[in-house]
Q: 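Please find one structure pasted underneath; my questions will follow.
By convention in this document, chain letters (A, B, ...) are assigned in the order of the sequence lines, proteins followed by strands, and residues within each chain are numbered from 1. For clarity, every value in this text was computed on a predicted model and none was experimentally measured.
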2 protein chains.
Amino acid sequence: MAVTIYDIAREANVGIGTVSRVLNNSPKVTTETRDKVVTVAKRLNYQPHAFAQALARKRSNTLSAIIPFFTNYFFIQVLQGVQETLAAVGYDLIIHGANTQEQLEEYLVRSMRKGRVDGTLLFSLELPDVFVENFIDKKNPLVLVDTFHPLFDSIRVDNVIGAKKATEHLISLGHTSIGMLNANLKSVRAKERLSSFKETMQLHGLDIHEEFIFNSTFTKNDGFSREAGYDAMIGLIRSGAKLPTAFFVSSDVQAIGMLAALRENQIRVPEDIAIVSFDDIEIAKFFDLTTMRQPMFEMGEIAVKKMLERIENPSAPISSTNFTPTLVVRSSCGANKNYIFSDSN
Amino acid sequence: MAVTIYDIAREANVGIGTVSRVLNNSPKVTTETRDKVVTVAKRLNYQPHAFAQALARKRSNTLSAIIPFFTNYFFIQVLQGVQETLAAVGYDLIIHGANTQEQLEEYLVRSMRKGRVDGTLLFSLELPDVFVENFIDKKNPLVLVDTFHPLFDSIRVDNVIGAKKATEHLISLGHTSIGMLNANLKSVRAKERLSSFKETMQLHGLDIHEEFIFNSTFTKNDGFSREAGYDAMIGLIRSGAKLPTAFFVSSDVQAIGMLAALRENQIRVPEDIAIVSFDDIEIAKFFDLTTMRQPMFEMGEIAVKKMLERIENPSAPISSTNFTPTLVVRSSCGANKNYIFSDSN
DNA sequence: TAAGTTTCTGAAAGCCCTTCCATAGAACCG
DNA sequence: CGGTTCTATGGAAGGGCTTTCAGAAACTTA
């Protein structure tokens, strides 16, 4: 029914081995035979059967990506880096959106099915202990992005330096009363950003007002959400407390929610409250947020490259790379009085 | 090396056929034998080899999705519907981000490789003629989302009704001088929205001011971009012309760009200019945009269901379904004076 | 109890490819 | 020109599974 190499072999009067060699550009075929085979293959509109190839080659040229919170802008951009890099080398990408622990585990199991994928990329989710051994035993390449485990390759953003830079930027603008609007401490990112914020404040001899530090109790997206930011800010305003003059916010989406709360209460940004957030997701510029940029596209790119190296050389030493986020100054911090809305940012 | 059904068969003292039957829940196996096999399979931590299964079953349980402009919020949400529906039935999804015509064609070719995928989902891109025949010949299921071809199943949003509803909403608020900020007419969506806008204006006996109709010349994303909206609005303001009191904008992202341009020029929304846009992407609510909601998640869901039906029954009649967008009233249109920022929208 | 059914099982065939091995023939060498 | 080396080639084996087929075993029935 579908045309196979046997059909080509018959029509071209050669053996299937020769057809296969031609199709795989093996050098040991005469030009004459090659032409004959190529011609027939074209005429029959031959398409190789991907699974048969994968089975014979023991290679699927496919990766899977397990990603939490599918609509999250951070992941979308990392994913883009992954996709483009993969496309360039002819790999396919299977996407798994994991919103719960069960889903995560199911997808991990699926990714370990022999042969299905050559490797899996895990984003921002902690690798359950049970799987550690499993992945290692089965020699199933695993690369972690925005999460960490000593036994696997990983790519992360340096939250400590990022939070430090953000805080110091506010300090450099003269702020002394600085709060932090944080995500849920369940998340490692939130934890690291908070402790670095505190250290930086101390380093500069500034008081840490515990009442101005909000760790979200939201569990959805670990509190990295607009709602979390909105709620935290509304709560603070309602409390009637005197507000700090600046906030370090643990993500752009939270800052966006916070912005809405402030607007509703006629509190101006940056005049009354200056804000520096984290991520630089695409829409951060829509809101003129000063924020710590994570090189998302590049992270995806590097993740794929690491994976391909790992597949080539399974016993290479494990590597962990940290990206340093960079400060992107827009108008929410008050540094840039003449900020003009523009696309170059 | 990896454990196969042969290993299980040996250990359990049964034939491979029996192992396969147990693993596939075939009814004709005694409970006793079944238990024996299951026990051994568990003990050996057996994982079926996906490709070998696919090869034997002539089914891959995998779909591919070809999607333009990877970061576009519309697609992200449709994709989520696709992903979740697919996950529920144990299918995998391969993602192809096509930004150019060449990429589109390459991915279409790849999707047609025998066996690779059971079907492909094409989003918002016109199917090149060459492929029409090809897909039909090879009986390779293809479902179109947000695009159309008479020979394939498709799912679309009714742009005509959507634009009509949007325009009539502005009219109902008393506006008589209404402009349209449109995307590039190259795109079918832009074309349909424009002509429906015009018809609706005429229907209500209102003048169409051609000078207030802007068709973007941007090619990136066919002008469905923030930049396109920003540029168009800035251009109009600079021209010094008297502005209409309301605009129908062909997408949320354009409206967001337009909003920035207006803000820079101290033009208030909705007081000076009312806006109704199209899409209701997730961030539309961040900007309080009144907009036409497309049921994106559902579109993804239905697309998958159609695909699965098509796979089951390749000769079923071709179906084309149209979703009617619904008006979501927020504050940009001026209808809702007491609009409170809230998550229920 | 013999014949006829039904149920379960093992093994072979088949899915389509890559790769290894053996061989035929060409090319080379002294 | 016989013997050796090399190259191109055909075909079998193998990858791991599903499914068909035939036979064995268990069960009915008269």
Q: In whole angstroms, how far is the P atom of D:dT19 from the CG atom of B:Leu23?
A: 12 Å
Q: Are any of the side-chain heavy atoms of A:Arg59 and A:Ile311 separated by less than 4.5 Å?
A: yes
Q: Let me know the distance between CD of B:Gln47 and C1' of D:dC17, rounded to the nearest Å.
A: 15 Å
Q: Hey, could you give me the CZ/OG1 distance between A:Phe51 and B:Thr62, rounded to the nearest 0.5 Å?
A: 5.0 Å
Q: Report the distance from atom NZ of A:Lys58 to atom P of D:dG16, rounded to the nearest whole Å.
A: 6 Å
Q: Is the shortest side-chain N to carboxylate O distance from A:Arg116 to B:Asp92 below 4.0 Å?
A: yes
Q: Is the distance from OP1 or OP2 of D:dG16 to the nearest side-chain N or O of B:Gln53 less than 4.0 Å?
A: no
Q: Using a heavy-atom cut-off of 4.0 Å across all strands, would you classify A:Thr4 as base, sugar-phosphate, or nothing?
A: sugar-phosphate
Q: Round to the nearest Å and state the distance from B:Ile8 atom CD1 to D:dC17 atom C1'.
A: 12 Å
Q: Would a distance-only check, ignoring hydrogens and angles, find a side-chain to backbone donor-acceptor pair under 3.5 Å from B:Ser111 to B:Tyr107?
A: yes
Q: Could you name each residue pair satisfying salt bridge (charged side-chain N to carboxylate O under 4.0 Å, His left out) that touches residues 24-53 of chain A, not counting sequence neighbours?
A: A:Glu11-A:Arg43
Q: How close or far is atom P of C:dT7 from atom CD of B:Glu32, stated in whole angstroms?
A: 18 Å
Q: Does a side-chain N or O from A:Tyr46 land closer than 4.0 Å to OP1 or OP2 of C:dC16, or not?
A: no
Q: Just how far, in rounded Å, is C1' of D:dG16 from NE2 of A:His49?
A: 13 Å
Q: Looking at B:Lys305 and B:Glu309, is any side-chain nitrogen of the basic one under 4.0 Å from a carboxylate oxygen of the acidic one?
A: no
Q: Closest approach to the side chain of B:Asn24, judged atom by atom: which nucleotide of D:dT18, D:dG16, C:dC15 is it?
A: D:dT18
Q: Taking protein heavy atoms under 4.0 Å as touching, what does nucleotides 9-14 of chain C look like 5' to 3' if B marks base contact, S marks sugar-phosphate-only contact and - marks none?
A: BBBB-B
Q: Need the bend value for the helix from C:dT1-D:dA30 to C:dG30-D:dC1: angle between end axes, 5 pairs each end, nearest 10°.
A: 40°
Q: Could you check how far CG of A:Leu55 sits from C1' of C:dC16, rounded to whole Å?
A: 9 Å
Q: Could B:Asp153 and B:Lys306 be called an ion pair, given the rule that one side-chain N must be under 4.0 Å from one carboxylate O?
A: no
Q: Nearest whole Å is fine: how far is C:dC16 C1' from B:Arg57 CZ?
A: 17 Å
Q: Can you tell me how far apart CD1 (B:Ile8) and CD1 (B:Ile16) are? Round to the nearest 0.5 Å.
A: 11.5 Å
Q: Is the number of heavy atoms from other residues, nucleotides or ligands under 6.0 Å of A:Asn313 CG greater than 12?
A: yes
